[in-house]
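A short write-up of the structure that comes next.
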Amino acid sequence: MFESEQKRIETQIRAYCEAHDLPVGDISWSWIPFSGNWGISASFFQLAADDSRAKGLKVNVPQRAQEITHGIAKNLELSEAFERVEAVKGYLNIYFSNKIYAMRIIDAVLSEKERYGRGKSSGQRVMMEFSQPNTHKAFHVGHLRNVILGNAVCNILDSAGHDVIRANYLGDIGLHVIKWMWCYLKYHNGEMPSGDITRWMGDLYAEASRRHEDEPDAEGEIRALFARWDRRDPDVVALWERTRQWSLDGFDEIYRTLNVKFDHLYFESEVEDSGKEIVDELIAKGLAVDERPENPVVVKLDELCGTKEKYRVLVVLRSDGTSLYATKDLSLAIRKFEEFHLDRSIYVIDVRQSLYMQQIFKTLELMGYPWTKNCYHLAYEIVNLPGNVTMSSRDGTVVFLQDLLDEATARALKIVEEKNPDLESETKQSIAHKVALGALKYSMLSRDNTKIVTFDWEAALDFNGQAAPYIQYAGVRANSILRKAGGVIPEPLALEYELTAVEVELIDLISRVPKEIQRAAAEQKPLFIANLAFDIAQAFNNFYRQCPVIQAEPQVRDFRLRLATASRQAIVNCLALLGIETPEVM
RNA sequence: GCCCUCAUAGCUCAAUUGGAUAGAGCGUUUGCUUGCGGAGCAAAAGGUUGGGGAUUCGAAUUCCUCUGAGGGCACCA
């Protein structure tokens with residue numbers, strides 16, 4: 001927003017430093033950390049310390065920094081975009097002109113609308129692989145974090161200016177599928193899913209796991225079925241195709257509910273054969289050791305890299321020749337780069353697979369693929385139940401997604417009924433859905449990726465405080481003001497009154513959106529956006545309370561109307577990045 | 001045994017990536033509606049940033065060490 005002015009100031013500072021024989025390095029600006037102030041701030045401690053070291057002097061660094069800062073401040077020539085400059089405790093604070101700053105920000109938001117905050121195109125193509133559900137298994141709250149996080153990071157990368165390809169990789173084959181089919185054939189042959197498809201599939205998988213453990217013959221029968229699959233026995237393939245589709249239909253429904261879309265779908269089954277060819281290649285190149293049928297095919301990474309207990313050993317093929325996750329992942333990684341010419345490939349996978357991901361990337365590197373340095377594992381911590389219980393479909397300790405959504409929506413609906421009894425019931429439903437889903441998404445995105453989320457019903461269904469409904473509500477209030485004012489946004493106008501502290505605060509936070517998007521994209525942390533959205537909402541609620549809009553005199557009223565509209569836009573944009581919708585009313 | 005995370009207010013989490021006075025929410029106590037929507041606002045109380053050391057003008061943030069919790073390490077995904 002003030003880049004050109006900032007550059008001119010830097011030039012002046014450099015000139016001053018050179019004239020006074022000071023070793024000026026990078027000048028890093030941050031905002032002035034006191035509420036009610038707009039401007040940029042730079043510290044000169046480092047410069048003072050470097051200077052005294054270079055000249056062999058022993059000085060009091062803070063004092064020297066203050067002297068330098070004072071000297072710079074005195075000689076600085078400011079454009080009219082700035083109001084004043086001050087030297088405080090070694091910091092050079094340059095204050096923007098209220099009028100110009102406030103107008104620039106609000107004008108930018110209102111003219112760019114839903115594009116406010118977006119970065120310039122980087123020309124970088126990034127593939128994000130996320131969700132990766134297994135067919136023939138349940139979809140529970142533990143899987144939710146992946147989808148929500150992956151989706152939000154996609155939105156953020158896109159907004160930051162990258163070309164994002166959203167990929168899903170479906171685990172439609174593997175031991176779990178064979179186990180499921182074994183149980184189906186033996187105990188449920190001919191049955192059709194009823195009700196919630198994904199739940200039904202998951203229940204049958206849980207039964208399969210139980211029987212697998214309990215029945216002595218199970219292991220052998222499952223292996224035999226896997227062998228038939230490997231030979232592509234037509235009956236097995238037909239069953240697989242039919243039952244797999246059930247799961248896929250169920251997933252579609254879930255993604256529709258969550259409002260998540262993918263650009264490209266990969267299936268494990270389609271990289272199984274090519275994966276085995278990669279294994280042959282690994283063996284031929286001497287990278288993998290083949291001791292079948294006694295032992296599996298392995299890549300002894302530590303031996304190959306000269307490391308100790310770092311990369312361990314990667315198993316790439318079972319001793320009976322059937323494929324593993326790694327078999328397919330190697331092939332998939334190559335395919336991604338060949339098909340899409342990626343600049344970066346990001347995998348959203350939980351933290352427990354960190355070593356595995358390193359092994360895959362290392363193996364690819366040893367195979368000579370130059371792009372492996374552009375592969376990145378975006379690790380996130382899992383969602384646990386209270387008492388550190390990990391959700392497991394086998395133990396039945398899961399919270400089903402649908403149950404949670406139903407309960408959350410029911411509670412939200414109850415509140416909507418109280419607040420807005422006159423709305424059409426369809427509208428109420430839609431609002432309840434947006435609020436419930438928003439609360440759920442926000443609760444997972446408002447903490448760092450490396451933090452374990454402990455799921456508990458009370459917290460997940462709490463709509464008060466730092467939560468999505470609070471932020472949505474601020475957006476709704478802004479909307480309400482605008483509606484009451486006739487729905488017309490006033491034309492850009494000069495600021496003709498003294499802004500109050502809360503207005504300054506609010507505009508300041510709105511102005512941070514573009515930078516925070518870049519920061520969130522660079523670190524793949526939706527948390528930054530989640531926090532900013534909350535801060536803006538909080539500042540808006542303050543503004544709402546303290547600053548009358550409609551009853552204010554015309555010039556103030558028009559300016560505040562524009563500010564309220566810009567606030568709503570900023571909130572809507574931030575929430576959209578998190579995959580959360582802002583209703584018109586609630 | 002080796003490796004990876006995490007530890008901040010009673011609880012759940014932040015902290016502009018090494019900067020100025022460590023901030024929110026929940027919970028507790030107390031106020032605010034003849035004002036644009038109270039899913040709101042304000043105030044109070046609550047802190048030796050797990051312990052110790054080092055680097056630095058400056059450390060919740062970097063390094064070392066100890067403690068505690070969780071996770072990973074050959075044919076699950």
Side-chain angles (χ1 to χ4, degrees), chain A residues 30-34 41 43 45-46 48-49 52 59-65 88-91 93 132 134 137 171 174-176 268 295-298 300 308-320 322 324-326 328-329 349-356 358-359 379 381-382 384 388 390 412 415-416 418-420 435 443 446-448 450-454 456 458-459 462-467 469-470 472-474 476-485 512 515-516 519 523 527-528 530-532 534-535 538 541-542 544-552 560 564 585-586:
Chain A
S30 57
W31 52 73
I32 302 167
F34 306 109
S41 172
S43 71
F45 299 104
Q46 196 60 58
S52 60
V59 297
N60 178 328
V61 170
Q63 201 181 330
R64 176 81 184 115
V88 184
K89 294 193 258 181
Y91 293 89
N93 294 335
Q132 308 112 327
N134 285 320
K137 272 193 178 181
L175 194 57
H176 70 281
E268 276 191 35
N295 289 304
V297 181
V298 297
K300 296 185 175 173
K308 265 190 197 163
E309 299 192 70
K310 181 172 182 195
Y311 294 109
R312 314 275 163 166
V313 169
L314 179 65
V315 182
V316 290
L317 201 66
R318 286 199 187 86
S319 45
D320 64 4
T322 55
L324 286 157
Y325 199 43
K328 296 165 268 195
D329 247 334
I349 300 180
D350 82 65
V351 68
R352 293 172 300 186
Q353 294 184 46
S354 294
L355 174 62
Y356 170 75
Q358 280 192 52
Q359 292 177 326
E381 265 292 357
I382 57 170
N384 272 347
N388 247 323
T390 303
I415 301 172
V416 180
E418 280 170 26
K419 307 282 177 192
N420 279 301
V435 170
S443 72
S446 60
R447 63 195 61 210
D448 219 330
T450 53
K451 285 244 161 73
I452 296 172
V453 171
T454 301
D456 87 83
E458 278 317 304
D462 188 357
F463 295 156
N464 298 313
Q466 182 162 4
Y470 173 91
Q472 291 168 319
Y473 181 62
V476 164
R477 285 175 126 185
N479 203 35
S480 175
I481 293 178
L482 192 66
R483 200 173 44 241
K484 285 244 161 67
R512 295 184 191 181
K515 268 195 177 164
E516 287 299 279
R519 207 163 69 93
E523 298 190 34
L527 166 69
F528 297 153
N531 281 345
L532 182 60
F534 177 73
D535 290 342
Q538 199 174 41
N541 276 331
N542 265 311
Y544 182 91
R545 176 74 179 176
Q546 291 181 36
C547 304
V549 177
I550 292 173
Q551 280 113 345
R560 285 184 176 165
V585 291
M586 65 189 271

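In what follows, every chain begins at residue 1, and chains take the letters A, B, ... in the order their sequences are listed.
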Hey, does A:I415 reach any base, or is it just sugar-phosphate, or nothing, if we go heavy atoms under 4.0 Å? base
On a whole-Å scale, what distance lies between the C1' atoms belonging to B:C41 and B:C4?
-> 45 Å
request  = In plain terms, say whether A:R352 and A:D350 are close enough for a salt bridge, that is, a side-chain N and a carboxylate O under 4.0 Å apart.
outcome  = yes
Sorted by chain and number, sequence neighbours left out, ring pair (Phe, Tyr, Trp, His ring centres under 6.0 Å) with A:F463 holds for none
For a quick check of understanding: with a heavy-atom distance under 4.0 Å over all strands, which category does A:R312 fall into, base, sugar-phosphate or nothing? base
Rounded C1' spacing from B:U17 to B:A59 in Å: 12 Å
Residues passing the side-chain hydrogen bond (donor to acceptor under 3.5 Å, both in side chains) test with A:S480, sequence neighbours excluded, are none
Quote, to the nearest angstrom, the P distance that separates B:U62 from B:U16. 11 Å
- Item | Same-atom distance (C1') from B:A69 to B:A77, integer angstrom | 25 Å
Taken to the nearest whole Å, CD/A:Q466 to P/B:G40 is 13 Å
What does the list of N/O pairs under 3.5 Å between the protein and nucleotides 32-38 of chain B look like, with a distance for each?
{"unit_1": "B:C32", "atom_1": "O2'", "unit_2": "A:R545", "atom_2": "NH2", "d": "3.0"}
{"unit_1": "B:C32", "atom_1": "O2", "unit_2": "A:R545", "atom_2": "NH2", "d": "3.3"}
{"unit_1": "B:C36", "atom_1": "O3'", "unit_2": "A:K484", "atom_2": "NZ", "d": "3.1"}
{"unit_1": "B:C36", "atom_1": "O2'", "unit_2": "A:Y544", "atom_2": "OH", "d": "3.0"}
{"unit_1": "B:C36", "atom_1": "O2", "unit_2": "A:I550", "atom_2": "N", "d": "3.2"}
{"unit_1": "B:C36", "atom_1": "N3", "unit_2": "A:V549", "atom_2": "N", "d": "2.9"}
{"unit_1": "B:C36", "atom_1": "N4", "unit_2": "A:Y544", "atom_2": "O", "d": "2.8"}
{"unit_1": "B:C36", "atom_1": "N4", "unit_2": "A:C547", "atom_2": "O", "d": "2.5"}
{"unit_1": "B:C36", "atom_1": "N4", "unit_2": "A:P548", "atom_2": "N", "d": "3.3"}
{"unit_1": "B:G37", "atom_1": "OP1", "unit_2": "A:S480", "atom_2": "OG", "d": "2.4"}
{"unit_1": "B:G37", "atom_1": "OP2", "unit_2": "A:K484", "atom_2": "NZ", "d": "2.5"}
{"unit_1": "B:G37", "atom_1": "O5'", "unit_2": "A:Y544", "atom_2": "OH", "d": "3.2"}
{"unit_1": "B:G37", "atom_1": "O2'", "unit_2": "A:Y473", "atom_2": "OH", "d": "2.5"}
{"unit_1": "B:G37", "atom_1": "O2'", "unit_2": "A:R477", "atom_2": "NE", "d": "3.3"}
{"unit_1": "B:G37", "atom_1": "N7", "unit_2": "A:S480", "atom_2": "OG", "d": "3.4"}
{"unit_1": "B:G37", "atom_1": "O6", "unit_2": "A:M586", "atom_2": "N", "d": "3.4"}
{"unit_1": "B:G37", "atom_1": "N1", "unit_2": "A:N420", "atom_2": "ND2", "d": "3.4"}
{"unit_1": "B:G37", "atom_1": "N1", "unit_2": "A:M586", "atom_2": "O", "d": "2.6"}
{"unit_1": "B:G37", "atom_1": "N2", "unit_2": "A:M586", "atom_2": "O", "d": "3.1"}
{"unit_1": "B:G38", "atom_1": "OP2", "unit_2": "A:R477", "atom_2": "NH2", "d": "2.5"}

### Task
Using a 4.0 Å heavy-atom cut-off across all strands, classify A:V416 as base, sugar-phosphate, or nothing.
base
Separation of B:A24 atom P from A:D535 atom CG, nearest Å, is 9 Å
Report, one pair per line, the protein and nucleotides 4-11 of chain B atoms (nitrogen or oxygen only) whose separation is under 3.5 Å.
{"unit_1": "B:A7", "atom_1": "OP1", "unit_2": "A:K451", "atom_2": "NZ", "d": "3.2"}

Considering only heavy side-chain atoms of A:E309, the closest of B:G1, B:A20, B:C41 is B:G1
Nearest-nucleotide check on RNA chain B, A:G465 vs A:N542; residue mapping nearer the 5' end is A:G465
### Task
With P as the reference atom in both, quote the distance from B:A9 to B:A24 in angstrom, rounded to an integer.
16 Å
Given the 90°-from-0 boundary between syn and anti, B:U5 should be labelled anti
Check: With no hydrogens and no angle check, do the side chains of A:N295 and A:S319 hold a donor and an acceptor under 3.5 Å apart?
Finding: no
A:N541 has its side chain closest, among B:A20, B:C41, B:A24, to B:C41
- Task: Between B:U49 and B:U21, how far apart are the P atoms? Round to whole Å, please.
- Result: 15 Å
Counting only side-chain N and O atoms of A:Y356, is one of them less than 4.0 Å from OP1 or OP2 of B:A74? no
Under 3.5 Å, N/O pairs linking protein and nucleotides 15-19 of chain B:
{"unit_1": "B:U16", "atom_1": "O2", "unit_2": "A:W31", "atom_2": "NE1", "d": "2.6"}
{"unit_1": "B:U16", "atom_1": "N3", "unit_2": "A:W31", "atom_2": "NE1", "d": "3.3"}
{"unit_1": "B:U17", "atom_1": "N3", "unit_2": "A:E523", "atom_2": "OE2", "d": "2.7"}
{"unit_1": "B:U17", "atom_1": "O4", "unit_2": "A:E523", "atom_2": "OE1", "d": "2.3"}
{"unit_1": "B:U17", "atom_1": "O4", "unit_2": "A:E523", "atom_2": "OE2", "d": "2.1"}
{"unit_1": "B:G19", "atom_1": "O2'", "unit_2": "A:Y91", "atom_2": "OH", "d": "2.3"}

A correct dot-bracket answer for RNA chain B, with pairs being Watson-Crick or G-U at under 3.5 Å, [ ] for crossing pairs and | for inter-strand pairs, is (((((((..((((.....[...)))).(((((.......))))).....(((((..]....))))))))))))....
Check: Does A:N93 get its side chain close enough to the base of B:A20, under 3.5 Å, for a donor-acceptor pair?
Finding: yes
Spacing of the C1' atoms in B:G25 and B:U65 (rounded, Å): 35 Å
A:K328 NZ to B:C76 C1', in whole Å, measures 10 Å
Exercise. Would you please say whether a donor-acceptor pair under 3.5 Å links the side chains of A:N541 and A:Y470?
Key: yes
Distance check, C1' atoms only: B:G40 and B:G18, in whole angstrom units. 38 Å
Assert: residue with more 5' nearest nucleotide on RNA chain B, out of A:K308 and A:K89, is A:K308
- [ ] Quick one: label A:L314 by what it contacts on the DNA or RNA (base, sugar-phosphate, nothing), any heavy atom closer than 4.0 Å.
- [x] nothing
